[in-house]
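First up is the structure itself, then whatever we jot down about it.
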Amino acid sequence: MDKYITPFFVLLNEMSPYLLLGFLVAGLLHVFVPRNFYARHLSKPSVGSVLKAALFGIPLPLCSCGVLPTAMSLRKEGSSAGATGSFLIVTPQTGVDSIFATYSLLGLPFAIIRPLVALVTALLGGTLINLFSQSDHSDSSQVTTEPADAPKTQTTPFGTRLLEAVRYGMVDMVQDLGKWLLLGLVVAAIITIFVPDTFFARFADQPLLNMVLVLLLSVPMYLCATGSIPIALALMAKGLTPGAALVLLMAGPATNIASILVIGKVMGRKVLLLYLFSIFAGAIGFGWLIDRYLPASWFTGRVDAFTQQSCHLDSSYFNIASSILFLIVVGHAFYIKRFPPKNQLRTTRMKTYKIKGMDCNHCRLNVEKTLSALAGTESVNVNLPKGIAYVEGDVPDEKVIEAITALGYEYVE
């Protein structure tokens, strides 16, 4: 029985300290860096705005669904099409949490190369979108709202904001990513146990075929940037080349069916094709360069260590304590999601709006803050599991619906 559960806990013990740190930093970024800081730098259709969007997006720990409403809000606030595309490409591929976790499992070279590849890919995609997309600022929505993440007022105590940061990182983000992280660990453990050790070695002389196969498998799946790391490690332990593992790490988190459909609908087919081309070209191109020119020993040290440890659980007390704390945080977050606080009492001035497309807490926060900024709104509460927004006030229905659709969601009558 031990051989079936040991690989899971080996991976968990290695990742948990970095995951906790990453979630905390993510919460601090969310609370203390307002979105209008990003939007005001991204309006010009230039290489500079594309570069800024990529640099802004690298540390943000948003998954491929969570980045969509954020990017759409930036677009409606005046961000250029290229800068928005750059942000869409780079943000789900990396983040402070995934950078820490990449270092913990795959080592320093991968932790450096991964955000670098994301940056170059975003520059390519954003520049191509600016060059070949006909969309411009004239397609900006007529919805006039305050920025969804407006800066906190000076009267908000620092301690309150710090608690909000901890809650966002350790509750909201864990609710969104926790199940995918655990699923990634389980899949990695299954690969370690059941896939033959020489499975990918048979394709060692065909690295491009390796990469194309990984690409075809990763595109339709939902992989978060952090959850893809243990899967990549387990596949490398079975003979997958470092370059092909990079394809999984880059293309998997940035593409899935849901994000493809939304981007195509909101930004157009041409932008979608340029978006996908940039991700695929960047992942396969850099994967080929890694396999062709960089020493394999740079990337296999942690793989060899994992292969030896996967049969024997030998971790420090600090790592074990971090794993226990991480599991407690995940359990607490899931409990709150399963049994949320009761909604406030309904009043005669409260209306309900059914919304399709909200998949995570970042989606919920975007909708709540955007609707709260509409003139006449007194309170907004979004029930994420039910997909319903409760809006109290004298705001017209058409303004609420227009704001919802402007974020890339669908209003259901």
Side-chain angles (χ1 to χ4, degrees), residues 29 33-96 98-99 112-141 147-149 225 246 249-251 253-255 259-260 262-286 289 366 406-408:
L29 285 173
V33 182
R35 183 184 301 156
N36 64 354
F37 173 80
Y38 303 114
R40 67 173 177 259
H41 291 279
L42 310 180
S43 59
K44 295 182 179 179
S46 62
V47 175
S49 67
V50 170
L51 175 60
K52 287 180 180 179
L55 293 175
F56 290 155
I58 284 176
L60 297 181
L62 298 179
C63 58
S64 57
C65 71
V67 72
L68 291 173
T70 304
M72 295 308 104
S73 294
L74 292 176
R75 180 67 175 138
K76 299 305 176 183
E77 292 169 16
S79 174
S80 68
T84 305
S86 175
F87 187 84
L88 279 167
I89 291 169
V90 74
T91 307
Q93 290 183 327
T94 184
V96 287
S98 64
I99 292 173
I112 295 174
I113 289 175
R114 191 177 186 186
L116 177 63
V117 174
L119 174 63
V120 175
T121 303
L123 286 174
L124 171 64
T127 302
L128 289 176
I129 290 172
N130 274 339
L131 287 175
F132 297 105
S133 174
Q134 299 300 316
S135 51
D136 53 32
H137 298 309
S138 63
D139 69 344
S140 296
S141 172
D149 284 341
L246 181 75
L249 292 171
M250 307 312 297
T255 58
S259 62
I260 289 173
V262 172
I263 293 172
K265 176 184 177 182
V266 176
M267 300 194 68
R269 184 177 300 177
K270 183 178 290 186
V271 171
L272 174 62
L273 292 177
L274 293 171
Y275 166 85
L276 293 175
F277 169 79
S278 303
I279 293 172
F280 297 162
I284 293 180
F286 277 95
L289 289 174
N366 266 290
L407 289 174

To the nearest 0.5 angstrom, please state how far the [atom1] atom of [X] sits from the [atom2] atom of [Y].
X	Y	atom1	atom2	answer
L276	I263	CG	CD1	7.5 Å
I279	L274	CD1	CG	11.0 Å
T255	I89	OG1	CD1	11.5 Å
L289	L246	CG	CG	10.0 Å

Side-chain heavy atoms of V120 within contact of F286, under 4.5 Å: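 Yes - at least one pair of side-chain heavy atoms lies under 4.5 Å apart.
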Residue pair L88 / M267, side-chain heavy-atom distance below 4.5 Å: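 In contact.
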[X] and [Y]: which non-hydrogen atoms are nearest, and at how many Å?
X	Y	value
A118	T94	CB-CG2, 4.2 Å
L272	G264	CD2-CA, 3.9 Å
L123	T127	O-OG1, 2.7 Å

Using a 3.5 Å cut-off and no angle test, enumerate the donor-acceptor pairs between side-chain atoms of residues 45-59 and protein atoms at least two apart in sequence or in another chain.
unit_1, atom_1, unit_2, atom_2, d
S46, OG, S49, N, 3.3
S49, OG, K44, O, 2.4
S49, OG, S46, N, 3.4
S49, OG, S46, O, 2.9

Residues that A225 engages under side chain to side chain contact (heavy atoms under 4.5 Å, CB included), provided they are two or more places apart: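 Here the qualifying residues are S98, R114, P253.
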Which residues share a side chain to side chain contact (heavy atoms under 4.5 Å, CB included) with L124, sequence neighbours left out: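 Partners of L124 under the side chain to side chain contact (heavy atoms under 4.5 Å, CB included) test: L128, S278.
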Expected output: side-chain Q93 to main-chain M250 donor-acceptor under 3.5 Å: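 Yes, the answer is positive, given that a donor and an acceptor are paired below the 3.5 Å cut-off.
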Donor-acceptor under 3.5 Å (S86 side chain, G82 main chain):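 Pair absent, no side-chain N/O of S86 close to backbone of G82.
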Sequence-distant partners of T91, side chain to side chain donor-acceptor pair (under 3.5 Å), two or more places apart: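 Checked T91 against side chain to side chain donor-acceptor pair (under 3.5 Å); zero matches.
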